[in-house]
Amino acid sequence: MSFPLLTATAVLPAIGAIATAAVPAAKRTAAKWLALLFSLATLASAIVVLVRFDPDGDRYQLTESHAWIADFGVRYELGVDGIAVALIALTALLIPFIVLAGWHDADPLETGSKRWRPTQGFFALILAVEAMVIISFEATDVFLFYIFFEAMLIPMYFLIGGFGDRAHEHGEETAATQRSYAAVKFLLYNLAGGLIMLAAVIGLYVVAGNFSLTQIAEARANGSLDMATNTERWLFLGFFFAFAVKAPLWPLHTWLPNAMQESTAPVAVLITAVVDKVGTFAMLRFCLQLFPEASKWATPVILVLALISIIYGALLAVGQRDIKRLIAYASISHFGFIVMGIFAMTSQGQSGATLYMVNHGISTAVLMLIAGFLISRRGSRLIADYGGVQKVAPVLAGTFLIGGLATLSLPGLAPFVSEFLVLVGTFTRYPVIGIIATFGIVLAALYTLVLYQRTMTGPVKPEVAEMPDLRVREIAVVAPLVVLLIFLGVYPKPVTDVVNPAVEQTMSDVQKKDPQPEVEAAK
């Protein structure tokens, strides 16, 4: 029996979560180092998965399959394709930087505070989320996926509601109320999506007789499982609704700005760069593979929703006064590009969407973590409270600029390649959608450069005159991510080589081929 590498990759952070939570209360520093150690061990395991994966091999590799709830056809089945491998690597890469960035975010509050911040719990919850996200990427049993898709809401609820941002202009009691509101809203939206998906999962079992993704997809392909048209469409809608909430896609997005605003910067990165990727990943793995005809049927409506997300998110980002809410609305716009690329039903669009998931995770991490360092120094999230920071903290301002330029997809930085592929892939099949979506790029340049101008340039405000520059720990957090943004912007081939075969197989699932360019016949 071969070594269960996929299980080990998911179990390592789970063990780390338990071990970190068990550290005595007085040993906060030990808990931090233990969490960092387990996150690095998980990264090492993810690298082994990446090295062992053969892009030209079978669709699902490193597979594991064991009986679990035999009476109901539920199995513990794991397997990864190129898309899953890329996202597991992204998750495992970001968590150590999230841990380092949040090194002091859960330290005890000042003497006399009514709130207690258990440091061990904070880092244990981060590792628990990592474990659940990784196994969600690995699961090829629909029921197994559903369990962890929903279970990750629990640690995220406590991270949002229990460890919110300390920078709040209305005092601690108001801040606690708003954190509670954001956490409950996050939970209710995602639970609603999960309950609808549960009904669809049960319906899928009734129709197919099992929960195995590979068996159901194979039965669909060879014609031994023929779903009625209406049945397939209803099941597709049940799955897609849950994934659209998680993604988040307009109009199911409203929980995200509240959650990111009230969270600490590392938790905000965990939400949008890690957890939300499960939604877009699941659209590729489950919606398109299990319900190909329904996916094609719903494509026009989904593309319109994605287009609204792009323009709406960017427009609202332009008008924000809060730094974190601006980044949240920018992420909504970027997720619109990802969903658009998936449902453009072209190889360029889907390759771009997968690459966008990776690149957006890195660029958002840089921008949000630098914003967190900035906010922790000034004690305010409001853009108007800053000015002239580049004169007193040039390294902070420089890295903030790089993160912002990546967010607007500047050529030479990683997101440009993915956004370009998405737009090309969309334009070849839906030119009107592709043309309108390009306005999102213009708006991205507007909100990013205005944010930088108002916070970093101009006269030095008295409140930031003594602001320290980035410390060694903070540089260690952002420098590798900046290097990766530049590297993947110049040379994205390592990622595209891994994901492209999986994209071709997904295109085959929905029986779509890339449109041939129209060449005018020579006269």
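By convention here, the first residue in the shown sequence is residue 1.
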With rounding to the nearest 0.5 angstrom, report the [atom1] to [atom2] distance, [X] to [Y].
| X | Y | atom1 | atom2 | value |
| --- | --- | --- | --- | --- |
| I362 | M357 | CD1 | CE | 13.5 Å |
| I375 | Y386 | CD1 | OH | 5.5 Å |
| L284 | F243 | CG | CZ | 10.5 Å |
| I83 | N500 | CD1 | CG | 9.5 Å |
| I308 | H253 | CD1 | NE2 | 10.5 Å |
| S380 | I323 | OG | CD1 | 7.5 Å |

Is a donor on one side and an acceptor on the other found under 3.5 Å between the side chain of [X] and the backbone of [Y]?
| X | Y | result |
| --- | --- | --- |
| K324 | S263 | yes |
| R378 | V464 | no |
| S418 | P415 | yes |
| W255 | L188 | no |
| R377 | D469 | yes |
| S309 | I332 | no |

Might you work through the side-chain contact (heavy atoms from CB on, under 4.5 Å) test for V274 and V269, ending with a clear yes or no?
CA-CA 7 Å; V274 176; V269 172; 5.7 Å; no

Pairs where [range] contributes a residue and the test side-chain hydrogen bond (donor to acceptor under 3.5 Å, both in side chains) is met, not counting sequence neighbours:
| range | result |
| --- | --- |
| residues 394-416 | S409-E419 |
| residues 450-463 | Q390-Y452 |
| residues 123-138 | none |

Looking at [X] and [Y], what are the two nearest heavy atoms and their distance?
| X | Y | answer |
| --- | --- | --- |
| A397 | M456 | CB-SD, 3.7 Å |
| I88 | A46 | CG2-CB, 4.1 Å |
| P13 | T42 | CD-OG1, 3.3 Å |
| A101 | L369 | CB-CD2, 3.6 Å |
| T140 | R285 | CG2-NH1, 4.0 Å |
| G102 | F123 | O-CZ, 3.3 Å |

So that I know where these two stand, are H360 and F337 an aromatic pair - ring centroids less than 6.0 Å apart?
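Centroid separation for H360 and F337: 6.0 Å or greater.
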
For F373, what residues pass the ring pair (Phe, Tyr, Trp, His ring centres under 6.0 Å) criterion, not counting sequence neighbours?
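By the ring pair (Phe, Tyr, Trp, His ring centres under 6.0 Å) rule, F373 matches no residue at all.
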
Could you walk me through whether K246 and M197 satisfy the side-chain contact (heavy atoms from CB on, under 4.5 Å) test, starting with their C-alpha distance in whole Å, then the side-chain angles of each, then the deciding distance to 0.1 Å, before giving a yes or no?
CA-CA 12 Å; K246 187 86 78 179; M197 181 182 170; over 6 Å; no

Test item: [X] and [Y] side chains (from C-beta on) under 4.5 Å apart, heavy atoms:
| X | Y | result |
| --- | --- | --- |
| V318 | V450 | no |
| F163 | P118 | yes |
| K32 | V99 | no |
| N359 | L488 | yes |
| L423 | I441 | yes |
| L270 | I95 | yes |
| L413 | S363 | no |
| V358 | K277 | no |

Between E262 and R381, is the closest basic N to carboxylate O distance under 4.0 Å?
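Answer for the salt bridge query: yes.
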
Check against side-chain contact (heavy atoms from CB on, under 4.5 Å), L326 and I383:
CA-CA 10 Å; L326 187 153; I383 297 173; 4.1 Å; yes

Side-chain atoms of residues 146-155: list all donor-acceptor pairs with protein atoms under 3.5 Å, sequence neighbours left out, distances to 0.1 Å.
from	atom 1	to	atom 2	distance (Å)
Y146	OH	G194	O	3.2

Counting only heavy atoms not in Y312, do more than 12 sit closer than 6.0 Å to its OH atom?
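Yes - once you tally the heavy atoms of other residues, nucleotides and ligands closer than 6.0 Å, there are more than 12.
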
Going by the ring pair (Phe, Tyr, Trp, His ring centres under 6.0 Å) test, name the single residue among F122, F97, W33 that passes it with W103.
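For W103, the ring pair (Phe, Tyr, Trp, His ring centres under 6.0 Å) check succeeds only for W33.
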
What residues form a side-chain contact (heavy atoms from CB on, under 4.5 Å) with L5, not counting sequence neighbours?
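Checked L5 against side-chain contact (heavy atoms from CB on, under 4.5 Å); matches are F3, T9, S45, V48, V49, R52, L62.
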
Residues V278, F137; criterion side-chain contact (heavy atoms from CB on, under 4.5 Å); working and verdict:
CA-CA 7 Å; V278 179; F137 290 141; 4.0 Å; yes

